**Q** 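Let me give you the structure first, and then I'll get to my questions.
The structure presented is a predicted model; accordingly, all values stated were derived computationally and were not measured. Position 1 is the first residue of the sequence; numbering continues from there.
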Amino acid sequence: MPVKDIARPREELVSAEPTASIREVCQLMDDKKVGCVVIESENKPAGIITDRDVSMAFGEGKSLEDLTADDIMNRDPHTVSSDDGVFELCATMAEHGVRRMPVIKDDTLTGIITFDDLVVLLDDEMSNLSDVVRTESPAYETS
């Protein structure tokens, strides 16, 4: 299954410019109820900021007023092609220890995929498989 079939599309992607204040980034996360914001420049992923990145910046004593997205973003985030398969996606996430990956096609940002999206996919597939097992198995008698 290609990543494009399960990725959140561009219109659901929460993004900001590198010049956005951290206050704006935090407000986006809160308003959209997401754990990350993709920082983009010219329709390309330039970085990513997670809720953990924000908390770590505050832990270092930095102020909302003093920081921009460019100051704390993880630069050049690991990305996945929309045509890559889920197996390649999982391998890349594991290799780099990331839970969120911007999705690109021809270097242009087209969406995002998260570990949570994969868990939901796995749950759906397991449910489908259990339905097959129930259909093909004899009924269990209860005492």
**Q** What heavy-atom pair brings Pro2 and Ser82 nearest, and what distance separates the two atoms?
**A**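 Here Pro2 and Ser82 meet closest at CB-O, 3.9 Å.
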**Q** Identify the two heavy atoms, one from Met29 and one from Asp51, that lie closest to each other, and give their separation to 0.1 Å.
**A** CE-N, 3.8 Å
**Q** Any non-hydrogen side-chain atom of Thr110 less than 4.5 Å from a side-chain atom of Pro9?
**A** no
**Q** Evaluate the side-chain proximity of Ile22 to Cys26: yes if any heavy-atom separation is below 4.5 Å, no if none is.
**A** yes
**Q** Apart from Val98 itself, which Ile, Leu, Val, Met, Phe, Trp or Tyr residues share its cluster (side-chain heavy atoms under 4.5 Å, direct or through members)?
**A** Met1, Val3, Ile6, Val80, Val86, Leu89, Met93, Met101, Val103, Ile113, Leu118, Leu121
**Q** If hydrophobic clusters are built by linking Ile, Leu, Val, Met, Phe, Trp and Tyr wherever their side-chain heavy atoms come under 4.5 Å apart, do Val34 and Val120 end up in the same one?
**A** no
**Q** What pairs with Asp76 under side-chain contact (heavy atoms from CB on, under 4.5 Å), at least two apart in sequence or on another chain?
**A**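 None.
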**Q** Just wondering, do Glu40 and Pro45 contact through their side chains at under 4.5 Å, heavy atoms?
**A**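 Pro45 does not reach Glu40 side chain to side chain.
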**Q** Are Ser15 and Arg10 packed together at the side-chain level, in the sense that at least one heavy-atom pair is separated by less than 4.5 angstrom?
**A**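 Counting from C-beta outward, Ser15 and Arg10 do come under 4.5 Å.
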**Q** State the OG1-CD1 distance between Thr79 and Ile48, to the nearest 0.5 angstrom.
**A**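 Here the interatomic distance stands at 10.5 Å.
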**Q** Rounded to the nearest 0.5 Å, what separation is found between the CG atom of Leu67 and the CZ atom of Phe58?
**A** 7.0 Å
**Q** Can you list everything that forms a side-chain contact (heavy atoms from CB on, under 4.5 Å) with Leu28? Sequence neighbours excluded, please.
**A**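 Residues passing side-chain contact (heavy atoms from CB on, under 4.5 Å) with Leu28: Val14, Ala16, Val37.
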**Q** Of all heavy-atom pairs between Ala69 and Ile39, which one has the smallest distance, and what is that distance?
**A**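 Closest approach of Ala69 to Ile39: CB-CD1, 3.6 Å.
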**Q** Taking Leu13 as the starting point, is it possible to reach Phe115 by hopping between hydrophobic residues whose side chains are less than 4.5 Å apart?
**A** no
**Q** What distance do Asp117 atom CG and Leu122 atom CG have between them, rounded to the nearest 0.5 Å?
**A**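 Separation between the atoms: 12.5 Å.
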**Q** Of all the heavy-atom pairs spanning Glu24 and Ala20, show the shortest one and how long it is.
**A** OE1-CA, 3.2 Å
**Q** Do other residues, nucleotides or ligands put more than 12 heavy atoms under 6.0 Å from Lys32 NZ?
**A** no
**Q** Go through the steps to decide whether Arg75 and Asp70 satisfy the test salt bridge (Lys or Arg N to Asp or Glu O under 4.0 Å), and finish with yes or no.
**A** CA-CA 8 Å; Arg75 298 180 187 287; Asp70 190 56; 2.9 Å; yes
**Q** Quick one: pull up CZ in Arg100 and CG in Asp116 and give me the separation to the nearest 0.5 Å.
**A**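 So the gap between those two atoms works out to 7.5 Å.
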**Q** Does some side-chain heavy atom of Thr114 sit less than 4.5 Å from a side-chain heavy atom of Arg99?
**A** no
**Q** Decide side chain to side chain contact (heavy atoms under 4.5 Å, CB included) for Asp53 and Asn74; before the verdict, give the C-alpha distance in whole Å, the side-chain angles of both, and the deciding distance to 0.1 Å.
**A** CA-CA 8 Å; Asp53 296 325; Asn74 292 300; 2.8 Å; yes
**Q** For Thr68 and Ser21, what are the C-alpha separation, side-chain angles and deciding distance, and is it a side chain to side chain contact (heavy atoms under 4.5 Å, CB included)?
**A** CA-CA 4 Å; Thr68 65; Ser21 72; 5.7 Å; no
**Q** Any chance you could lay out the side chain to side chain contact (heavy atoms under 4.5 Å, CB included) test for Val25 and Ile49, step after step, and finish with the verdict?
**A** CA-CA 8 Å; Val25 171; Ile49 296 176; 4.2 Å; yes
**Q** Counting C-beta onward and ignoring hydrogens, is there a side-chain heavy-atom pair between Asn43 and Leu109 closer than 4.5 Å?
**A** no
